[in-house]
Amino acid sequence: MKCPKCSYNQSKVVDSRHADDVNAIRRRRECEQCGTRFTTYERIELQPLIVVKKDGTRQAFNRDKIVHGLVRACEKRPVPYESLEQITDAVENALREKGETEISSVDIGEIVMDHLMHLDQVSYVRFASVYKEFKDVDQLLRTMTDILNDKNKK
C-alpha cells in the first residue's frame with residue numbers, strides 16, 4: 001500500500017478490525033520509510049446487480065429502495081426497524097445466490113412479499129397493494145382472503 005505522504009510502497013499493518021459492516025476490514029498502517037500512519041479499508045468486491053424494471057429499463061440494485069418500501073408498508077405497525085434490515089439482507093442474499101447479474105423487479109417484489117407475509121400481515125397487504133397495483137377493492141379482498149385461508153390451514 002502506497003504511503004499518502006511519501007508514496008513509499010512498503011507499510012506494515014499496526015491494527016486490523018472489522019469495519020461497520022461485516023464485509024469490510026479496517027486496517028491501520030504505518031509507512032516503513034517516514035512513519036506516517038494511515039487507514040485503509042479492504043472490502044469484498046461483489047458482482048453488481050442490475051434490476052430490470054417492468055417497463056424494460058435497467059438500473060443498479062439499490063437496497064435503500066427496499067428498506068424505504070418496507071418502512072412505508074410498516075408505518076405505524078409494531079415492526080422493529082432491525083427486522084426490515086434483516087428482510088433487506090435476506091432479499092439481497094437471495095438475489096446474489098441466484099448468480100445472475102440481471103434481476104427482474106418482479107422477482108425482487110415477490111421475495112420481499114414472502115418475507116413480509118411472515119413478519120406482519122397488515123404490512124404485507126399494504127406492500128402488496130402498491131406492488132401489485134390493485135385496481136379495485138375486489139383484488140384487495142382476494143388477497144386478504146388468501147391470507148385468511150393460509151392462516152386457517154396452519
Side-chain angles (χ1 to χ4, degrees), residues 1-2 4 11-29 37-154:
M1 188 59 61
K2 221 179 225 188
S11 65
K12 62 181 178 182
V13 175
V14 179
D15 181 40
S16 187
R17 63 180 66 169
H18 288 285
D20 291 337
D21 59 1
V22 182
N23 293 327
I25 296 176
R26 177 186 179 269
R27 298 194 194 281
R28 285 292 292 160
R29 296 179 177 269
R37 288 188 172 206
F38 56 99
T39 303
T40 61
Y41 290 91
E42 184 176 318
R43 299 186 192 282
I44 297 172
E45 188 173 344
L46 298 171
Q47 186 175 12
L49 292 174
I50 304 299
V51 177
V52 181
K53 305 197 57 139
K54 290 177 184 175
D55 64 1
T57 60
R58 288 168 168 68
Q59 60 183 223
F61 174 78
N62 183 352
R63 61 179 280 120
D64 293 337
K65 286 186 174 188
I66 295 174
V67 172
H68 179 71
L70 289 169
V71 167
R72 296 283 297 168
C74 297
E75 209 166 37
K76 298 182 182 178
R77 297 291 304 154
V79 177
Y81 185 78
E82 289 175 357
S83 297
L84 306 182
E85 283 288 338
Q86 290 171 351
I87 288 175
T88 305
D89 290 342
V91 169
E92 185 172 4
N93 289 339
L95 296 174
R96 292 199 181 280
E97 284 176 10
K98 285 186 171 189
E100 300 171 6
T101 54
E102 291 192 353
I103 312 295
S104 165
S105 62
V106 173
D107 292 343
I108 296 171
E110 294 295 329
I111 296 170
V112 170
M113 286 195 313
D114 183 50
H115 286 282
L116 198 53
M117 173 65 144
H118 301 293
L119 180 67
D120 185 74
Q121 292 175 344
V122 172
S123 300
Y124 167 83
V125 171
R126 287 178 178 174
F127 187 89
S129 69
V130 173
Y131 171 71
K132 292 187 176 185
E133 300 172 348
F134 290 158
K135 302 286 187 248
D136 54 29
V137 177
D138 291 334
Q139 286 182 312
L140 177 63
L141 287 174
R142 278 194 297 274
T143 300
M144 292 174 66
T145 303
D146 291 343
I147 291 171
L148 288 173
N149 290 339
D150 286 345
K151 195 173 187 178
N152 290 335
K153 287 178 185 177
K154 292 177 184 179

Arg72: what forms a side chain to side chain donor-acceptor pair (under 3.5 Å) with it, not counting sequence neighbours? none
Does [atom1] in [X] sit with more than 12 non-hydrogen atoms of other residues, nucleotides or ligands closer than 6.0 Å?
{"X": "Lys12", "atom1": "NZ", "result": "no"}
{"X": "Glu82", "atom1": "CD", "result": "no"}
{"X": "Lys76", "atom1": "NZ", "result": "no"}

Of all the heavy-atom pairs spanning [X] and [Y], show the shortest one and how long it is.
{"X": "Phe61", "Y": "Leu95", "result": "CE1-CD1, 3.7 Å"}
{"X": "Tyr124", "Y": "Met113", "result": "CD1-O, 3.4 Å"}
{"X": "Glu100", "Y": "Leu49", "result": "O-CD2, 3.5 Å"}
{"X": "Arg77", "Y": "Arg126", "result": "CG-NH1, 3.6 Å"}
{"X": "Leu70", "Y": "Leu84", "result": "CD1-O, 3.7 Å"}
{"X": "Leu116", "Y": "Ala73", "result": "CD2-CB, 4.3 Å"}

[atom1] of [X] to [atom2] of [Y]: how many Å apart, nearest 0.5 Å?
{"X": "Ser105", "Y": "Gln59", "atom1": "OG", "atom2": "CD", "value": "9.0 Å"}
{"X": "Arg26", "Y": "Thr40", "atom1": "CZ", "atom2": "OG1", "value": "9.0 Å"}
{"X": "Glu42", "Y": "Ile25", "atom1": "CD", "atom2": "CD1", "value": "5.0 Å"}
{"X": "Arg28", "Y": "Arg37", "atom1": "CZ", "atom2": "CZ", "value": "6.5 Å"}
{"X": "Ile103", "Y": "Arg96", "atom1": "CD1", "atom2": "CZ", "value": "9.0 Å"}
{"X": "Leu119", "Y": "His115", "atom1": "CG", "atom2": "NE2", "value": "10.5 Å"}

Identify whether the distance between the nearest side-chain nitrogen and carboxylate oxygen of Arg29 and Asp15 falls below 4.0 Å. no
Using only atom types and a distance under 3.5 Å, with no angle test, would you say the side chain of Asp114 pairs donor to acceptor with the backbone of Glu110? no
Without swapping roles, check the side chain of Arg27 against the backbone of Phe38 for a donor-acceptor pair under 3.5 Å. no
What verdict does the side-chain hydrogen bond (donor to acceptor under 3.5 Å, both in side chains) test give for Ser104 and Asp107, after you've listed the backbone C-alpha separation in whole Å, the side-chain angles of each residue and the deciding distance to 0.1 Å? CA-CA 5 Å; Ser104 165; Asp107 292 343; 4.6 Å; no
